[in-house]
Each structure stands twice: as C-alpha cells, then as structure tokens.
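Because only heavy atoms are used, hydrogens play no part in the values below, and waters and symmetry mates are left out as well, while side chains stay in. Note that this is a predicted model, so its numbers are computed, not measured.
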Amino acid sequence: MNIIRFSDLCAQGKAQGQRVFIRSDLNVPLNDAGEITEDTRVRASVPAIEMALKAGAAVMVTSHLGRPTEGEFRPEDSLAPVARRLSELLGRDVPLVANWVDGVQVEPGQVVLLENCRVNVGEKKNKEELARKLAALCDIYVNDAFGTAHRAEGTTYGIAQFAPVACAGPLLSAEIDAITKALAAPARPLAAIVAGSKVSTKLTILQSLSRNVDQLIVGGGIANTFMLAAGLKIGKSLAEPDLVGEAKAVIEAMAARGADVPVPTDVVTAKAFAADAPATVKKATEIEDDDMILDIGPETAARLAEQLRKAGTIVWNGPVGVFEFDQFANGTRVIAQAIAESPAFSIAGGGDTLAAIAKYGIEDKVGYISTGGGAFLEVLEGKTLPAFEILEKRASA
C-alpha cells in the first residue's frame, strides 16, 4: 500500500517546527465515576505523540469518545480523563482544549489534547466546511486511529483531503503492514478462525475468506449453522437455519479449491446457558433435542490445534465457545495455545478475541493484535477502508 509514513517525515526532519494534527483512537471505557477502566488505546497512541514531540513539532491530538450529539457538549463526553492519563504516560502536562475548530494555540515542543471531535457539527457526515477548517489548523495530518479507519468522517477523511500533507502514524502503519502480510501476501497454508454468535453478521467475511484461505475454522453459533449445513442435529443451540444454504455455498467454494471447513466431530453441551450449567462432552452425531452446544469438544480442539501449528499464517476473529464460563472455555484455550505455539505469522482482532488473548496470557505470542473491531472485520471482508483510500490518494497526488 503506497502511503506517506509519519516516521519517514520525522526521520527526514520535515516535522521540525510544523503544526501536526494527530487523529488518535482514545475511545476508552469509563466507569460511572468517569474513570478509565481499560487504557490500551491511550497507551497505543503514545508512540505517535512522542515521535512528533521528539521531531520538534507543535502537536495537536484528538479523538472521539462515546456517542455525543453534535453541537451539544456534555461533561460525560469530555476527554478530560484521557488528558489526565496521557499526562501520566507522557510525563508532562497535556492541556485539554475546547472549542478548537477555529484555532489552536500550541508551540513546537508542546502537545495539547483537543476535546471530543464528534461534538463538532459536521464531523460524522464529513461536511466540507468543517474539513477545510480542520485542515487549516495543521501543516501535517497524521491518522493513527485504525479503530475508525472504516468511517469517512471529518477527522478521519475530510481533513486528509485538504491538509498540506496527510500521512499514517506508527500505529496505523503497523496495522497496514500486518494486514498486508496476513492477507495480501500470506505465507501458506493460510488459516482463518471466524467465530461468533451469528453467521449473518460475518457472512460476507466468510464468503470473502473462502476465496483465499486454505482452512476456514468456524466457531460459536456460526459453527452450529455449519453443522446444520452438514446434516447434523444441534438441539436448541443458537443458529440461523435460514442461512444453511449460504453455509453450504461457503463449504462448496472451499472444497472447489481443495480447502475445507472442518465441522466439529465432538462438542460440549449443556441443558441451559448459565455459568453453573453442568457441561457434557458428546459426539456431534449424538446431540439431543434439549441440548445447547456451547463449545467445541476436546477431540475437535486437538485436531484444529494440530492444523494451526502447521499453518504459515493465521487470522483470528472470535472465540470458538463461551469461554467466559470455564466449563465451556477449553476449545478457545486450546486454539489460543496452538496459535501461541505456531511458527505462523498471526493477526488477531475483535473485542472478544482480545479478551481471550488476555485471559490466556498470550499477548506476546501473537504476531499482531489489531486495535480495530469494525475496521478489522471490514478488512477481512475485502473492503477498502476510507482512511486507507484517502491516504493512498494523497501519497500519489
């Protein structure tokens, strides 16, 4: 992907004395007291800010937080908790600036945090009037927010159209490199794990991957629908019977290329969906009418793990069972360990996937952990993300 990288501009001395506008993804969870409960995104934003400060730039950083109403600022929409955490991480005061669209006071060597960008009228719909005002604030625009790369908004697309220079920050650059390595030029065999409750939400991803991957592992409610497609009974398990035809089409598309979608040969069932529900391991051919399938069985997990250890590239989106309940967590744990042990390049994304990675402590064993949920899914669908598109346009202009 042909883009301008902020790291290159800094290395060439082109950020010295320049006004740099960084769009970060600082959309962190807050508790009722307005305190950050998980700060991964704030920590991930620090390298771009430090890079800009070290290069001698005047640095402006902004992000959205939550779902504010444009033109109506409320205290709970404020980035104040983020400003406090950034100050701690950077070891310097990070002032929070409100009402900043018409001008920002910041000198080289300083950094300011611009209040929640989604409060600005025209942000969501990428209105040109706002985009031009944003672009006028800076000499260099840096997109470092992969989590919003699938949205064409004022601070993710419009400003990039009109800023003198538009480039990718270190976090966005790393995402692009990892995605390219995993999907555009993968080491084979390429295995993809796509799991979740519904086929419908990931049908286009399954269809797109079925044209490219060597092995497509399905889990969760998605696997139940594929079991139906294979002629197996699933009791009262979560599934989408009306999408059995689409599941069969994916299986056939894979088979036509000599690839496969491994259907579970054993599963873990319960009579109720509950943290204390007794778990029973059963063959996939022995499901009773009142059974709920809540995990893949140990035989299936071991077989998939063996295949993953032999993969060249692994793409992981979604746990394969209800891993929040320990009696239904074995499948996801075995898959996670296999990914950790595999010499393959692995890329993982999605909130539940990240929670599973954290639960099993394999963060340092995964090749790349994506910071984007929806953006990661759209990449898997084969879509071109708006933020990538405009950065490519600007690089070739």
Side-chain angles (χ1 to χ4, degrees), residues 1-9 20-29 38-52 61-66 79 82 86 116-118 123-124 126 140-160 163 166-184 205 208 315-318 345-355 357-358 363 366-395:
M1 192 179 294
N2 178 34
I3 52 166
I4 298 169
R5 294 172 186 251
F6 185 52
S7 55
D8 291 340
L9 296 179
V20 171
F21 185 110
I22 303 174
R23 174 51 157 104
S24 297
D25 182 4
L26 306 170
N27 185 31
V28 290
E38 210 286 316
D39 72 346
T40 299
R41 285 175 170 170
V42 184
R43 285 183 284 110
S45 73
V46 167
I49 299 168
E50 289 183 331
M51 186 182 288
V61 183
T62 195
S63 171
H64 71 288
L65 180 70
L79 286 173
V82 176
L86 265 182
N116 196 331
C117 60
R118 281 206 185 145
E123 168 69 12
K124 287 280 282 182
N126 188 24
I140 300 171
Y141 165 70
V142 181
N143 190 332
D144 207 38
F146 179 67
T148 59
H150 59 312
R151 303 189 188 282
E153 299 181 348
T155 56
T156 62
Y157 193 97
I159 184 174
C167 63
L171 183 62
L172 192 69
S173 296
E175 292 275 0
I176 290 170
D177 291 343
I179 288 162
T180 302
K181 189 172 178 180
L183 295 174
I205 295 166
S208 178
V315 178
W316 183 19
N317 176 245
F345 172 72
S346 52
I347 179 170
D352 289 342
T353 315
L354 271 54
I357 288 169
E363 291 96 336
V366 177
Y368 190 82
I369 298 174
S370 176
T371 55
F376 183 71
L377 292 180
E378 290 203 10
V379 166
L380 295 190
E381 284 182 55
K383 292 183 178 177
T384 299
L385 305 186
F388 291 3
E389 177 217 330
I390 189 61
L391 290 179
E392 281 196 287
K393 266 188 192 170
R394 289 304 310 272

Which atom names give the shortest non-hydrogen contact between Phe376 and Val315, and what distance separates them? CZ-CG1, 4.2 Å
List, one per line, each side-chain donor-acceptor pair under 3.5 Å for residues 144-151, sequence neighbours excluded.
from, atom 1, to, atom 2, distance (Å)
Asp144, OD1, Leu171, N, 2.8
Asp144, OD1, Leu172, N, 3.1
Thr148, OG1, Ala145, O, 3.3

Can you tell if the side chain of Val61 reaches within under 4.5 Å of the side chain of Leu26, non-hydrogen atoms only? yes
May I ask you to decide if Arg23's main-chain N or O and Tyr141's side chain share a donor-acceptor pair within less than 3.5 Å? no
For the residue pair His64 and Cys117, what are the closest heavy atoms and their distance? N-SG, 3.6 Å
Close side-chain approach of Arg41 and Ser63, heavy atoms under 4.5 Å: no
List for me each residue that meets salt bridge (Lys or Arg N to Asp or Glu O under 4.0 Å) alongside Asp352, sequence neighbours excluded, and say none if there are none. none
Quick check: does any side chain N or O of Ser45 sit under 3.5 Å from a backbone N or O of Val42, one acting as donor and the other as acceptor? yes
Indicate yes or no for a side-chain donor-acceptor contact from Arg394 to the backbone of Ile4 under 3.5 Å, with no hydrogens or angles considered. no
Provide the closest heavy-atom pair for Ser173 versus Ile3 in the form atom of the first, atom of the second, distance. OG-CD1, 4.5 Å
Quick check: does any side chain N or O of Asn116 sit under 3.5 Å from a backbone N or O of Leu79, one acting as donor and the other as acceptor? no
Are any side-chain N or O atoms of Glu123 and backbone N or O atoms of Glu153, one a donor and one an acceptor, separated by less than 3.5 Å? no
Ile140 versus Val142: any side-chain heavy-atom pair under 4.5 Å? yes
Sequence neighbours excluded and cut-off under 3.5 Å, please list the side-chain donor-acceptor pairs for residues 174-183, or say none.
from, atom 1, to, atom 2, distance (Å)
Glu175, OE1, Ser370, OG, 3.1
Glu175, OE2, Tyr368, OH, 3.4
Glu175, OE2, Ser370, OG, 3.4
Glu175, OE2, Thr371, N, 2.7
Glu175, OE2, Thr371, OG1, 2.9
Asp177, OD1, Arg5, NH2, 2.8
Asp177, OD2, Arg5, NH1, 3.1
Thr180, OG1, Ile176, O, 2.7

If you define the side chain from C-beta out and look only at heavy atoms, does anything of Val82 sit under 4.5 Å from Asp39? no
For Gly318 and Thr353, the nearest pair of non-hydrogen atoms, with its separation, is N-OG1, 2.7 Å
